[in-house]
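Everything on this sheet refers to the single structure shown next.
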Number of protein chains: 2
Amino acid sequence: MQRNYICSEPSTSDRRPIVSRRDQLCDAGLDVLAAKGLRGLTHRAVDAAAGLPAGACSNVFRTRAALLEGLAERVFERLTPDLAELEAEAAAEPTRDQWVHLMQQLVRRVRAQPHLQLALLELRIESTRRPELVDPLTAVVRAAFDADVAFHERAGLAGGPEEIVLLHLAIGGLITDVLTLPDALPLDDVDGIIERLVDRLVFVGSAEQVGS
Amino acid sequence: MQRNYICSEPSTSDRRPIVSRRDQLCDAGLDVLAAKGLRGLTHRAVDAAAGLPAGACSNVFRTRAALLEGLAERVFERLTPDLAELEAEAAAEPTRDQWVHLMQQLVRRVRAQPHLQLALLELRIESTRRPELVDPLTAVVRAAFDADVAFHERAGLAGGPEEIVLLHLAIGGLITDVLTLPDALPLDDVDGIIERLVDRLVFVGSAEQVGS
DNA sequence: TTGCGAGCACTACACTCGTAGTGGTGGAGG
DNA sequence: CCTCCACCACTACGAGTGTAGTGCTCGCAA
């Protein structure tokens, strides 16, 4: 049952489109998860969301635990490539402005399509009660963190992983607040908030204030 | 149905201990919520957790929506007094060390008794789908924020609410990470992380580094 | 003391869910 | 061409859930 978290895909379409079927169901499941929550996430609801006949989800994921595990792995598959290409995109010459822009775009994308992040958040909470979810979800978060550390190192900036942790915590909190209770804190100028977070958490100790 | 979010308690035990009954059920409900998630939160489960006969919860909260709303309000009731007394405790002479200590104790308490925060997080996500939960939950978060702003102002520190927002986001992210995926990011030295967050997010612009 | 009504324990019922089983089908291997 | 088997659509069933109804009980007003 252990799946390889480092770019799986057993070979190039090893057999029948069973993978495609699995992914189709998982994507539908993630939509259901964001739309109706863990309570609304049932085999039949996933069938309906995927436009498949009743029982399809139940055939692939025999138990509910298996379905949740599948969703957790799918979150990793869908979120990690994003991070890789985002990093590659900014690989040219990392600057402070690049940092800010990167984070702003990240948050902007999350706000435009909140369902994946909401599903991830929900699965994170569920991992408190289902240990089998911890590994795939940890992989998601760690992949994002590692990408940022690499970016930081390539930029030749002062500080190390300890500084990036701070930024990650803050951006994570920002995303949670923006998605779940946008009116609780004064979050009108999200871009400005991100800018200040990057400056204060990442660019302290290195050259004073680069860029605008 | 609108409840007063500013220290309710209609009078001094206005009648029968109906309030007590309600609170008893809500507290049990919050425990269930943290232990089994929104999916495991059922009328009968709350009955069992409260040690009351079957139907007790169903009698007070006729529908599931009413139960969730009751839980959201109870979270506010239980979390806000904490903040008030915490603030009062540190009211003497606010310093940078007080800030750090305050946040460290907050996180320490959350880690020691995670069920309330987990329940709050779960309700926050649910508020995405149930608008009636937004108001009471927003009140919780805003109360904590306001307390911190007051603390900051009393300290006569530079900066204003904009700085506190940053700290709130970061601490919120820290709590989420510590509770849900403690091994994803390197969070061994939580106290040190908090210290750095306070220094960089709140004490920038004011007197350079006060205290140890 | 008597009557009343609020809150309570208990129950009923229709509905959905998780899970597993069954038969059919279509394509690959011999 | 035949055989076999993985995959799929469909169904069955017990358990649990949301919700509402029915009397009982006990403290207070008259």
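In what follows, chains carry the letters A, B, and so on, assigned in the order in which the sequence lines appear, proteins first and then strands, with residues in each chain numbered from 1.
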To the nearest angstrom, how far is [X] atom [atom1] from [N] atom [atom2]?
X: A:Leu67; N: C:dT19; atom1: CG; atom2: C1'; value: 13 Å
X: A:Leu25; N: D:dC7; atom1: CG; atom2: C1'; value: 13 Å
X: B:Leu52; N: C:dC8; atom1: CG; atom2: P; value: 9 Å
X: B:Leu38; N: D:dG16; atom1: CG; atom2: C1'; value: 17 Å
X: B:Leu41; N: D:dT19; atom1: CG; atom2: P; value: 12 Å
X: A:Arg39; N: D:dG16; atom1: CZ; atom2: C1'; value: 10 Å
X: A:Arg22; N: D:dC7; atom1: CZ; atom2: C1'; value: 16 Å
X: B:Phe61; N: C:dC8; atom1: CZ; atom2: C1'; value: 15 Å

### Query
Looking at B:Leu30, B:Leu67, B:Val46, which hits side chain to side chain contact (heavy atoms under 4.5 Å, CB included) with B:Leu25?
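Only one of B:Leu30, B:Leu67, B:Val46 forms a side chain to side chain contact (heavy atoms under 4.5 Å, CB included) with B:Leu25, namely B:Val46.
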### Message
Using a distance-only criterion (donor-acceptor N/O pair, under 3.5 Å, no hydrogens), is the base of C:dG18 paired with the side chain of A:Arg44?
### Response
yes
[X] has a side chain; which of [options] sits nearest to it?
X: B:His43; options: D:dA9, D:dG21, D:dG18; value: D:dG18
X: A:Arg64; options: D:dA20, D:dA9, C:dG18; value: C:dG18
X: B:Pro53; options: C:dT19, C:dC10, D:dC8; value: C:dC10

### Task
Mind listing the closest non-hydrogen atom pair of B:Ala184 and A:Arg142 along with its distance?
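Heavy atoms of B:Ala184 and A:Arg142 come nearest at O-NE, 3.3 Å.
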### Message
To check you understand the geometry: which heavy-atom pair defines the closest contact between A:Asp47 and A:Ala56, and what is its length?
### Response
OD1-N, 3.5 Å
### Query
Hey, are A:Arg22 and A:Glu73 close enough for a salt bridge, meaning a charged N less than 4.0 Å from a carboxylate O?
yes
### Query
Which part of the nucleic acid does A:Thr63 contact within heavy-atom distance under 4.0 Å: base, sugar-phosphate only, or nothing?
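Touches sugar-phosphate only.
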### Query
Judged by atom type as modelled, is there a donor-acceptor pair below 3.5 Å linking the side chain of B:Arg64 to the main-chain atoms of B:Leu41?
yes
### Task
Between A:Thr42 and A:Asn59, name the one whose nearest nucleotide on DNA chain C is closer to the 5' end.
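This one resolves to A:Thr42.
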